[in-house]
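Below is one structure, written out as structure tokens; comments come after it.
When a ligand or atom number is given, it counts from 1 through the structure's own listing order.
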Amino acid sequence: METQKILVLDFGGQYNQLIARRVRDHRVYAEILPYTTSLGKIRKAKYAGIIFTGGPNSVFDPESPHYAKEILDLGVPVLGICYGCQLIAWMAGGKVKTAPVSEYGKVEFTAGESPLFRNIPKSSVVWMSHTDYVAKAPAGYEVIGTTADCPCAAMQNTQKNIYAVQFHPEVTHSQYGDQILYNFLYEICHCRGDWVMDNFIDTTVEKLRRQIGDKRVVLGLSGGVDSSVAAALLSRAVGKQLTCVFVDQGLMRKDEGDYVEKTFTSMFDMNFVRVNCAEEFVSRLKGVKDPERKRKIIGREFYRVFWEEIRNQPELGYFAQGTIYPDCIESGKGDAAVIKTHHNRVKKPKDIKFLGIIEPLSELFKDEVRRVGERLGLPGEIVWRQPFPGPGLGVRILGEVTAEKIKILQDADAVLRDEMAKNGYEKQMSQFFCVLPGVKTVGVMGDHRTYEYLVAVRAVTTDDFMTADWAKIPYDILAKVSNRITNECPHVNRVVYDITSKPPGTVEWE
Ligand code: XMP
């Protein structure tokens with residue numbers, strides 16, 4: 001039986017990915033398509049339900065995104081959210097106006113009788129963000145929710161199975177938002193809840209076996225979550241037909257390269273090629289201080305070594321990548337023909353040929369990738385790995401990168417990681433690491449004056465890395481970290497803590 005699908009029709013709202021993730025959390029597959037997707041394509045896909053997202057426009061602006069009215073007659077249940085709610089009202093002949101009072105933030109909502117509001121109290125808090133509102137519900141629609149300033153905060157047409165809410169059920173500030181989405185999926189769309197990771201693994205493994213046959217596959221493994229899970233999945237599907245190429249530039253955290261190698265060679269059936277080129281990388285970076293030049297050199301060298309290794313492969317095969325769903329979503333904001341740059345997709349040299357490209361995780365969000373990784377038996381250190389910049393420690397050593405500085409930074413960073421793990425802080429932080437600004441300061445050790453390196457500790461909490469707060473690590477843990485780094489790491493005599501949020505700072509220092 002085919003997996004049921006919900007369509008999240010994107011009208012340019014900022015929470016669209018969140019809507020799809022919430023739906024999937026309820027074990028129903030959701031995909032996001034731009035509002036420019038044709039009605040024929042939508043009809044053919046046989047969705048179990050359609051959700052119109054929010055968006056920044058006004059429906060009465062002729063330039064704003066609209067959709068053919070017939071979408072409301074497909075016999076497929078529809079839920080409109082915010083702009084999506086106003087759009088349904090507009091399409092069905094109701095009245096949409098600029099609201100006399102814009103609502104923004106948490107608002108008291110009164111719910112009426114509706115399958116959409118099953119098991120939620122009459123009065124609850126919802127999250128609003130709108131300047132227009134539905135002034136008059138269309139004929140055939142009844143108002144099923146109000147707020148003090150919004151006379152039609154929710155409406156329904158039960159005959160056609162069309163529902164709409166002015167608020168955002170997908171954000172956690174809406175007290176019963178999750179229940180409302182659940183009700184739409186199970187009470188209205190009658191979903192089966194068949195999107196579970198075990199099914200995903202089974203069907204994907206089956207699909208990969210069929211596609212790859214007896215051919216070979218090569219995957220670039222970085223040790224990050226996405227490529228690691230792709231490797232584990234491919235290994236389960238085709239075993240030794242898979243070759244993972246792991247380029248170790250010597251810019252990973254302490255012992256991390258060895259850990260990645262050990263994990264993949266001991267736990268999985270595959271060919272594992274580790275290319276050690278730390279010395280070469282350091283020599284290429286000699287005398288280079290400018291951060292952008294360093295990034296460029298590291299990136300260029302990485303791919304030079306990587307493609308060289310691929311050229312050494314014995315026969316023509318497939319090329320696999322750990323691309324995930326957010327890298328593939330088309331934006332509904334502007335020209336839908338323009339697909340967002342797939343930053344995981346790599347430009348390959350002309351002389352290299354493949355039978356095709358395989359992206360086994362291209363349907364998954366990051367949290368789903370982690371769940372698949374756990375089920376495939378990958379260790380927590382890899383599945384819950386923090387984001388780590390492509391250029392690695394190369395951008396955490398400010399100025400020139402030398403082998404000595406890499407060693408100092410790796411040692412200090414290992415102490416920080418150890419203390420965070422011991423104190424249970426590891427999972428509470430989005431990211432934490434040490435930085436070596438390349439500055440030396442005066443200190444005293446015993447009776448001697450020292451002149452050694454300063455290490456900065458950086459730790460942040462964030463939802464999306466677009467903004468971030470500096471983490472309020474307790475003083476006693478910071479004291480322990482500082483004490484241990486200055487005692488255990490030669491050439492470090494001072495530790496400082498970065499108390500800058502983003503903005504104005506960035507997470508990384510370079
Ligand atoms: P910033 O420093 O921009 O970092 O606030 C936001 C997130 O992106 C990561 N980051 C990078 N990742 N290549 C990457 O793959 C890079 O050059 C790079 N620079 C920053 C950073 O670690 C944080 O998670």
Ignoring hydrogens, what is the shortest heavy-atom contact between Ala468 and Val507? Give both atom names and the distance.
CB-CG2, 4.3 Å
Please report which non-hydrogen protein atom sits nearest to atom 14 (C) of ligand 1, along with the residue it belongs to and the distance in Å to one decimal place.
Gly390 N, 3.2 Å
Considering only heavy atoms of Lys502, which atoms of ligand 1 have at least one such atom less than 4.0 Å away?
1 (P), 3 (O), 5 (O), 6 (C)
Should Phe465 be counted as touching ligand 1, given the test is an N or O pair under 3.5 Å?
no
Closest approach of any protein heavy atom to atom 4 (O) of ligand 1, naming residue and atom
Val507 CB, 3.8 Å
Please list the nearest protein heavy atom to atom 11 (C) of ligand 1 with its residue and the distance rounded to 0.1 Å.
Pro389 CB, 3.6 Å
Would you verify that at least one protein heavy atom lies under 4.0 Å from atom 9 (C) of ligand 1, or report that none does?
no
Among protein heavy atoms, which lies nearest atom 24 (O) of ligand 1, and at what distance?
Gln431 OE1, 2.8 Å
Does a side-chain N-to-carboxylate-O contact under 4.0 Å join Asp194 and Arg27?
no
What I want to check is whether the side chains of Trp195 and Glu363 have a donor and an acceptor closer together than 3.5 Å.
no
Do Phe11 and Phe52 make the cut of ring centroids closer than 6.0 angstrom?
yes
Quick check on contacts: which atoms of ligand 1 are under 4.0 angstrom from a heavy atom of Pro391?
13 (N), 16 (C), 17 (O)
Show which atoms of ligand 1 fall inside a sub-4.0 Å distance from at least one heavy-atom site of Pro387.
24 (O)
Protein heavy-atom partner closest to atom 22 (O) of ligand 1 - residue, atom, separation in Å:
Glu508 OE2, 2.5 Å
So, Trp127 and Gln175: side-chain donor and acceptor under 3.5 Å apart, yes or no?
no
Whether Tyr303 and Phe306 hold their rings parallel, tilted or perpendicular, with breakpoints at 30° and 60°
perpendicular
Is there a donor-acceptor pair under 3.5 Å between the side chain of Asp413 and the backbone N or O of Phe433?
no
Around atom CZ of Arg209, are there more than 12 heavy atoms from other residues, nucleotides or ligands closer than 6.0 Å?
yes
Gln386, Arg396, Arg295: member with heavy atom nearest to atom 17 (O) of ligand 1:
Arg295
